[in-house]
Peer 1: 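Structure below; questions to follow.
Here the structure is a predicted model, which is why all the values come from computation and not from measurement. Whatever order the structure lists ligands and atoms in, that order sets their numbers, starting from 1. Values below: every heavy atom of this structure, side chains too, minus hydrogens, waters and symmetry copies.
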Amino acid sequence: MGVVTRVNGPLVQVSGLSEAAMYDLVDLGPDRIPGEIVGIRRDGATVQAYEYTGGLAPGQPAAALGVPLSARLGPHLLGGVFDGLLRPLTGAATWLGPRSVNVAGDQEWRFTPLAAEGDHTEPGTPVGRLDDAGALPYLLLSPGGQVTAVRAEGRLPIGAAVATVGGDQVGVTTSWPVRRPRPFGDRLGETVPLITGQRVVDLLLPVARGGTAAVPGGFGTGKTVLLQQIAKWCDADVVVYVGCGERGNEMADVVQELSELTDPRTGGPLARRTVVIANTSNMPMMAREASIYTGVTVAEHFRDMGYHAVVIADSTSRWAEARREFASRSGALPAEEGYPADLASALAAFYERAGLVRALGGAAGSVTIIGAVSPPGGDLTEPVTTLTQRFARSLWSLDRDLAYARHYPAVSWTESFARDGDALAAWHVRDGRAAWATQRARTASLLAEADRIAALAEIVGTGALPAHERVVLLGGRLIREGLLRQSALSPADAFSAPDRTTALSGAVLDVIDHCLDLAAGGTPITAIEEHDYSPLLRAREQPAARVPGLRDQVLAALR
Ligand SMILES: Nc1ncnc2c1ncn2[C@@H]1O[C@H](COP(=O)(O)OP(=O)(O)OP(=O)(O)O)[C@@H](O)[C@H]1O
Ligand SMILES: [Mg+2]
């Protein structure tokens, strides 16, 4: 048994923990506040406490538990709301508003065995399945070895054991140290998009399944709305939404909306494919530090069952600030802007846990990581933003001017990138959208050309530009207004499936091409602007009758 010797915010010194090892979990004081050993000297250990340390005092007991900080993984996660250490937030129902927050006390699942007594099982292969209406099948994976006992089909509660394999019990829940990546077979070479339903992302700046994306943006530029749209609409099997140091009411909204929307795959509420980890700004700061790792661990766990999981973290800057806070209290030598020197390696290690892999059991699964970055004062040269840009394969940089003009999502097409963009466009072409790659290339080059001409027009005046240049300006506006702009609040347009996106970009490009032809034929610009494009668009709408509102959307952008 150890003794608390000093308390400084979340930093607690403990002596007498002779057996303890780095990263071991420690119970502090009579209230058993959880903490983690982050430093050891001969005369004592430094503990990072995950809860408010008010009331904790020197002389109080401290006990090392001999295990690292671990998450309890199980079927109860789907549809639940948890804190940064993955404990059910029993109070969530009150602070998130009245709704069914499933905290898995009395829940039961229907169990179906997938292995028989005497079977030899490889690690990671399923020994059984749990079903619950409205959620994906939950697979119970083997640690590897001979099955000596397995439960019969039937209902069972969360604490139950389902099988004995290689002398080990397989339970409904298992535990995993959150800072250690879960093992997998190997990384897969294919490049498959994660469909987000956001046109600017899917068409211009896509992210791959198993990829990483970062969303830097100043105050109020739309980071949270964009991430919530992706949480709602992306084509993942499981979404882990980590609210890290952000506003509690936003978490309440997202949970509410998810429980009202239907998951097309299961027919259940979308909330049942979602795991919410809430460490809002009013909750203890240090649990934010853990919540990022907890979130990735949950996603890896579902990946291992052969699912595609997405981790959405809002915001990784708050996580970095928690690390900075702790480092400064522990007297670590600060590096850039006070952040600890290991910020780069910590961020790299976090994004490194994304990937499309062959799981140990043989199934393909993925973890995609999408993180918001909130640079103080919108300064994109600060350390968290610049480091994140190095590790993310897609960057959706939010532009203050676009947000100010209420052009949402305010993703800048000049400051953003998608390193897998070409490979992902090729996937769409193979998937039957033949024009996708050319539409993407033309859209991007027209936007760039329009930006260049707009800069010129600011000097010489629009009136001095030749007709072709003025049509490109018009085309740029058409792409921005008719294609890239997409309101999260519009029920018909909040989600744009790839077929809708390609139909819309085809229509917009048709109109632009027609305008360019008119200009080349000598038609004056005013006549081009006032030309009636509806017959052209009507022809476009014929094969794609499933794209309602296409014509209106393009015509509205022309006005
Ligand atoms: N895609 C969108 N469609 C419609 N409105 C949007 C969209 N994105 C942002 N907005 C508007 O912008 C407001 C601010 O967005 P949001 O809260 O997502 O910004 P933020 O970058 O997360 O801000 P903060 O820095 O405070 O976290 C929203 O309340 C909404 O009115
Ligand atoms: Mg926000």
Side-chain angles (χ1 to χ4, degrees), residues 96 195-205 207 213-234 241-258 261 276-283 288 291-292 295 311-322 370-380 382 384-385 388 392 395-413 415-416 480-497 500-501 504 549 553 556-557:
L96 288 174
I195 305 295
T196 66
Q198 309 303 301
R199 285 186 291 272
V200 63
V201 168
D202 290 345
L203 184 65
L204 291 184
L205 300 156
V207 64
V215 190
F219 178 72
T221 47
K223 299 179 290 294
T224 301
V225 173
L226 179 59
L227 294 189
Q228 291 188 350
Q229 287 305 99
I230 294 173
K232 278 190 249 174
W233 305 118
C234 76
Y241 193 97
V242 187
C244 182
E246 297 295 300
R247 292 178 285 274
N249 62 331
E250 292 178 343
M251 301 291 293
D253 291 346
V254 75
V255 174
Q256 175 73 50
E257 286 176 37
L258 289 171
L261 295 167
V276 175
I277 298 177
N279 254 270
T280 49
S281 48
N282 56 338
M283 294 167 75
R288 277 180 216 173
S291 65
I292 289 278
V311 181
I312 291 177
D314 187 10
S315 143
T316 58
S317 297
R318 303 281 106 81
W319 165 79
E321 282 160 18
I370 303 176
V373 185
S374 1
D379 166 22
L380 299 179
E382 59 89 42
V384 182
T385 314
T388 303
L395 187 80
W396 306 324
S397 188
L398 301 188
D399 183 274
R400 202 186 327 209
D401 293 337
L402 287 176
Y404 189 73
R406 303 198 65 74
H407 172 108
Y408 295 119
V411 176
S412 159
W413 46 90
E415 305 297 319
S416 305
R480 291 195 305 272
E481 303 287 315
L483 181 62
L484 301 185
R485 193 170 182 169
Q486 190 178 351
S487 172
L489 307 172
S490 147
D493 202 38
F495 171 73
S496 185
R500 178 180 169 80
T501 297
L504 202 52
Q553 185 151 347

Peer 1: Evaluate the criterion side chain to side chain donor-acceptor pair (under 3.5 Å) for residue pair T501 and D202; output intermediate values, then yes/no.
Peer 2: CA-CA 8 Å; T501 297; D202 290 345; 5.3 Å; no
Peer 1: Name the orientation class of the two ring planes belonging to W413 and H407 (parallel below 30°, tilted from 30 to 60°, perpendicular beyond 60°).
Peer 2: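 Perpendicular.
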Peer 1: Pairs under 3.5 Å, N/O atoms on ligand 1 and on the protein: can you put them in a table with the distances?
Peer 2:
unit_1	atom_1	unit_2	atom_2	d
ligand 1	3 (N)	A488	N	3.0
ligand 1	12 (O)	Y408	OH	3.2
ligand 1	18 (O)	T224	N	3.1
ligand 1	18 (O)	V225	N	2.8
ligand 1	19 (O)	G222	N	3.0
ligand 1	21 (O)	T221	N	3.2
ligand 1	21 (O)	G222	N	3.0
ligand 1	21 (O)	K223	N	2.9
ligand 1	21 (O)	K223	NZ	2.8
ligand 1	22 (O)	T224	N	2.9
ligand 1	22 (O)	T224	OG1	2.7
ligand 1	23 (O)	G220	N	3.0
ligand 1	25 (O)	G220	N	3.1
ligand 1	25 (O)	K223	NZ	2.9
ligand 1	26 (O)	R247	NH1	3.3
ligand 1	26 (O)	R247	NH2	3.0
ligand 1	27 (O)	E246	OE1	3.4

Peer 1: Atom CZ of R318 and atom SG of C244: how far apart are they, to the nearest 0.5 Å?
Peer 2: 8.5 Å
Peer 1: Quick check: closest heavy atoms across T280 and G248, and the distance to 0.1 Å?
Peer 2: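 Between these two residues, the closest heavy atoms are CG2-CA, 3.5 Å.
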Peer 1: If I compare all heavy atoms of V200 with all of P409, which pair ends up nearest, and what's the gap?
Peer 2: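 What the structure gives for the nearest pair is CG1-CG, 4.1 Å.
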Peer 1: Would you check if the Mg ion (ligand 2) lies under 2.8 Å from any N, O or S atom of T224?
Peer 2: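 Yes - counting backbone and side chain alike, T224 has an N, O or S atom under 2.8 Å.
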Peer 1: Does D493 pair with R199 as a salt bridge, N-O distance under 4.0 Å?
Peer 2: yes
